[in-house]
Amino acid sequence: MSAPTQLDPRTMTAEQVAEVAARLEANAYPSVFGSLEDWHLLKAVAFHNPSLVEPYLHLLELEVDDD
């Protein structure tokens, strides 16, 4: 699995975010750098559009405030 290049986290669709999350879940990268790129991309999406990343917060290892 390889990460697509040139994705803009400000304009990513729910489908694109799901694809990134699936790659992170599978953790089938040839090197650690691929997973870091996807992790940073998912984190950037969370900054710009948190609702898209909400189902995948566990991948970012962020604390979720239930209040």
Side-chain angles (χ1 to χ4, degrees):
M1 293 183 156
S2 63
T5 58
Q6 304 299 320
L7 286 175
D8 184 344
R10 297 169 294 176
T11 61
M12 286 180 67
T13 65
E15 182 179 282
Q16 290 171 316
V17 172
E19 289 173 6
V20 171
R23 287 196 303 268
L24 285 167
E25 287 278 357
N27 197 22
Y29 297 95
S31 76
V32 70
F33 300 108
S35 62
L36 282 173
E37 284 181 22
D38 276 349
W39 187 85
H40 283 287
L41 180 58
L42 196 62
K43 191 168 181 177
V45 173
F47 178 78
H48 293 287
N49 195 345
S51 64
L52 285 179
V53 178
E54 197 169 303
Y56 314 110
L57 287 178
H58 64 283
L59 296 172
L60 295 175
E61 298 177 3
L62 300 174
E63 290 186 26
V64 178
D65 185 9
D66 292 332
D67 292 335

Engineer: Kindly give the heavy-atom pair with the smallest separation between A18 and Y56, and that separation in Å.
Structural biologist: CB-OH, 3.4 Å
Engineer: What's the separation between atom CG in L7 and atom CG in L42, rounded to the nearest 0.5 Å?
Structural biologist: 11.5 Å
Engineer: Do the side chains of V45 and Q16 get nearer than 4.5 Å, heavy atoms only?
Structural biologist: no
Engineer: Measure the CG-NZ distance between L57 and K43 for me, rounded to the nearest 0.5 Å.
Structural biologist: 12.0 Å
Engineer: How many angstroms lie between atom OG of S35 and atom CG of L59, to the nearest 0.5 angstrom?
Structural biologist: 11.5 Å
Engineer: Which value, rounded to the nearest 0.5 Å, describes the distance between L24 atom CG and E37 atom CD?
Structural biologist: 11.0 Å
Engineer: How far apart are the closest heavy atoms of M12 and V17, and which atoms are they?
Structural biologist: CE-N, 3.9 Å
Engineer: Residues two or more places apart in sequence or in another chain: which of them pass side chain to side chain donor-acceptor pair (under 3.5 Å) with E25?
Structural biologist: H58
